[in-house]
Amino acid sequence: MQDGSANYGLHWELPTNWQQADFDDSSWPNATTYNNQTIGVDNKSAYTNFIDIFDNEKADAQFIWSTNVVLDNEVIVRYTVDAL
């Protein structure tokens, strides 16, 4: 029986103001994009039910995540829209 003593986890607390427009996210790493083969979704219904979206030659979707799709289970995305 494994007791888990060899396992570890890391946690980075989210800044309380990360959603504010003036928050400085310049030190955050950029997202990484992955294709369908790298993610391995060919047998997942969440993918196979929407092949027309994920495998559309004119508007093919990509998976975005951190640099580690195995270990990272939370990805925070910020997008700022500038008013014209």
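Reckoned from all heavy atoms, side chains included, excluding hydrogens, waters and symmetry mates. All figures in this text were calculated on a predicted structure; none of them were measured in a lab.
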**Prompt:** What is the minimum heavy-atom distance between D72 and W65, and which atoms define it?
**Reply:** O-NE1, 2.9 Å
**Message:** Looking at T38, is its backbone amide N or carbonyl O close enough to the side chain of N35 to form a donor-acceptor pair, meaning the two atoms are under 3.5 Å apart?
**Reply:** yes
**Expected output: side-chain D3 to main-chain S5 donor-acceptor under 3.5 Å** = yes
**Sequence-distant partners of T33, side-chain contact (heavy atoms from CB on, under 4.5 Å), two or more places apart** = Q62, I64
**Request:** Count the heavy atoms belonging to other residues, nucleotides or ligands that lie under 6.0 Å from CG of N30, then report whether that count exceeds 12.
**Result:** no
**Prompt:** In the hydrophobic clustering that connects Ile, Leu, Val, Met, Phe, Trp and Tyr at side-chain heavy-atom distances below 4.5 Å, which members other than V81 occupy its cluster, ordered by chain and number?
**Reply:** Y79
**Complete:** Students should find that the hydrophobic cluster of W28, defined by side-chain heavy atoms under 4.5 Å apart, otherwise consists of L14, W18, F23, I76
**Prompt:** Residues in ring pair (Phe, Tyr, Trp, His ring centres under 6.0 Å) with F50, at least two apart?
**Reply:** none
**Asked** If you look only at pairs with a residue in residues 75-84, which of them pass as a salt bridge (Lys or Arg N to Asp or Glu O under 4.0 Å), with sequence neighbours excluded?
**Response** D25-R78
**Prompt:** Partners of T32 by side chain to side chain donor-acceptor pair (under 3.5 Å), sequence neighbours excluded?
**Reply:** none
